[in-house]
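All figures in this text were calculated on a predicted structure; none of them were measured in a lab.
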Amino acid sequence: MADGFLEHLRGVLSGIEAEGLVKRERFIEGAQGAHVTVGGRSMLNLCANNYLGLADDPRLIAAAEVAMRGHGFGMASVRFICGTQDIHAALEARLAQFLGMEAAILFGSCFDANGGLFEPLLGEEDAIISDSLNHASIIDGVRLCKARRYRYANSDMADLAAQLVKARAEGARYILVATDGVFSMDGYLAKLKEIRVLADKFDAIVMVDDCHATGFIGPQGRGTPAHAGVKVDILTGTLGKALGGALGGYVAASAPVVDLLRQRARPYLFSNALPPAVVGAALAALDIVEAADTQRAQLFENAHYWRAGLAGLGFRLLAGEHPIIPVMMGEAPLAQAFARALDARGVMVSAFFFPVVPRGAARIRTQMNAALTRADLDFALAAFAEAGRETGVLA
Ligand SMILES: *Cc1c(COP(=O)(O)O)cnc(C)c1O
């Protein structure tokens with residue numbers, strides 16, 4: 001390889017380092033959970049998407065084992081060649097039923113679901129209007145599609161209305177409005193009621209990515225549309241967060257949408273089928289989640305207690321109800337120093353900074369889950385208070 005090229009990459013890396021933007025991985029020695037072991041040390045974990053605490057649930061491990069024994073380890077095929085088992089079809093039907101949609105289709109991840117969704121459905125005569133804070137996978141998926149692109153400021157309904165007017169005036173055949181159900185950096189919920197009303201006024205399709213909601217927001221965890229009491233047209237989501245946290249994504253929608261994706265979505269056609277263990281465990285996860293009112297109540301009680309505790313200590317938070325509770329820091333190096341001070345006290349958090357959030361809006365994104373106890377939260381609050389004073393985040 002040309003020395004110049006590697007030298008160039010080293011230069012880019014030193015730039016990232018100099019700006020304090022390096023992301024370093026910690027090696028967890030054992031299962032994901034409220035408590036994890038890192039370097040032989042037990043740590044309290046406040047940064048997993050493990051909202052219902054199912055990532056190490058024995059029922060899911062057992063279901064994965066049963067599926068693996070009965071259906072093998074891997075599929076060695078994409079779905080349409082010879083990679084579809086009875087349990088893949090069962091999971092797609094179960095997801096559709098759980099989400100109140102006509103049909104569903106599995107992908108290797110929600111990143112793939114969003115990446116493959118738009119291009120087969122819309123053409124250059126059409127328009128996609130996307131929230132400015134949508135997940136990277138929606139942005140990439142929209143880029144891969146020939147439809148004209150419009151953007152509205154995060155949850156700004158006047159701007160959305162203006163973009164709808166513009167798309168119609170510019171002659172769009174079909175218009176699709178795309179939004180995250182929950183904006184993952186802030187924990188804000190999309191204004192689905194207003195979006196639905198506006199979309200109907202302009203005869204537009206509504207697509208929602210509900211990764212940070214499915215399983216714990218809305219009645220029986222059916223997500224932000226159920227929470228808002230509205231129907232959306234296309235729902236995407238992940239098996240990699242509240243539903244056990246392994247991997248896998250899906251699109252749920254009307255049958256023609258799903259049927260066409262099965263024929264044309266490139267990540268579906270050209271990437272391997274989900275392994276049986278993941279599929280079997282996801283079926284078990286949906287049964288557990290549907291009946292998990294107690295865990296959902298615990299999750300939101302934890303979120304309330306944690307939010308109140310942090311606010312009481314004087315930390316700057318963003319308003320909201322979601323178990324994503326960002327603690328605002330400002331510049332990336334301060335967020336990193338704060339995360340290190342917590343690490344030294346046995347609390348694992350993650351600092352988020354550019355390019356994941358805007359420059360100057362670095363934060364510690366804390367996330368609650370149902371497996372955290374009151375004692376865990378009190379321990380974490382004490383650590384946050386000490387780290388806050390040590391780093392100067394708190395006066
Ligand atoms: C996590 C997330 C994804 C990606 O999901 P994977 O299944 O991990 O690929 C997509 N969209 C949103 C909003 C997410 O939070």
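With contacts defined as side-chain heavy-atom distances shorter than 4.5 Å, the pair Leu372/Leu44 qualifies. Counting heavy atoms from C-beta on, the side chains of Phe379 and Val347 come closer than 4.5 Å. Contact annotation: the side chain of Val177 never approaches that of Leu198 to less than 4.5 Å [non-hydrogen atoms, C-beta and beyond]. With contacts defined as side-chain heavy-atom distances shorter than 4.5 Å, the pair Arg151/Gln163 does not qualify. Within the 4.5 Å cutoff, the side chain of Leu381 has heavy atoms near those of the Leu310 side chain. Considering only heavy atoms from C-beta on, Leu342 stays 4.5 Å or farther from Leu46 through its side chain.
For residues 99-116, the pairs satisfying side-chain hydrogen bond (donor to acceptor under 3.5 Å, both in side chains) are Asn114-Ser137, Asn114-Asp209, Asn114-Thr236, with sequence neighbours left out.
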Pairs of donor and acceptor atoms involving the side chains of residues 32-40, under 3.5 Å and at least two apart or interchain, shall be tabulated with distances.
from  : atom 1 : to     : atom 2 : distance (Å)
Gln32 : OE1    : Asn45  : ND2    : 2.7
His35 : NE2    : Asp376 : OD1    : 3.0
His35 : NE2    : Asp376 : OD2    : 3.3

Under 3.5 Å, which donor-acceptor pairs do the side chains of residues 265-280 form with other protein atoms, sequence neighbours left out?
from   : atom 1 : to     : atom 2 : distance (Å)
Tyr268 : OH     : Arg262 : NH1    : 2.9
Asn272 : OD1    : Ser77  : N      : 2.9

Identify each donor-acceptor pair in which a side-chain atom of residues 16-25 lies under 3.5 Å from a protein atom, sequence neighbours left out, and give them as a table.
from  : atom 1 : to     : atom 2 : distance (Å)
Glu17 : OE2    : Arg24  : NH2    : 3.2
Glu19 : OE1    : Arg359 : NH1    : 2.7

Listing, residues 319-332 side-chain donor-acceptor contacts under 3.5 Å, not counting sequence neighbours, or none:
from   : atom 1 : to     : atom 2 : distance (Å)
His322 : ND1    : Ile324 : N      : 2.9
His322 : NE2    : His212 : O      : 2.8

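By the salt bridge (Lys or Arg N to Asp or Glu O under 4.0 Å) test, Arg340 pairs with no residue at all, sequence neighbours left out.
With 3.5 Å as the limit, one finds a donor-acceptor pair spanning the side chains of Asn302 and Gln298. With no hydrogens or angles considered, no side-chain donor-acceptor pair links Asp159 and Tyr150 at under 3.5 Å. Residues Tyr51 and Gln367 bring a donor and an acceptor atom of their side chains to less than 3.5 Å of each other.
Environment of CZ in Arg264: sparse, with no more than 12 heavy atoms of neighbouring residues, nucleotides or ligands closer than 6.0 Å.
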Legend entry - Intermediate values then yes/no, salt bridge (charged side-chain N to carboxylate O under 4.0 Å, His left out), Asp233 and Arg196: CA-CA 10 Å; Asp233 305 297; Arg196 182 76 266 178; 3.1 Å; yes
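Between the side chain of Asp57 and the main chain of Gly244, no donor-acceptor pair closer than 3.5 Å is present.
The aromatic rings of His135 and Phe111 lie perpendicular to each other, with more than 60° between the two planes, well past the 30° mark.
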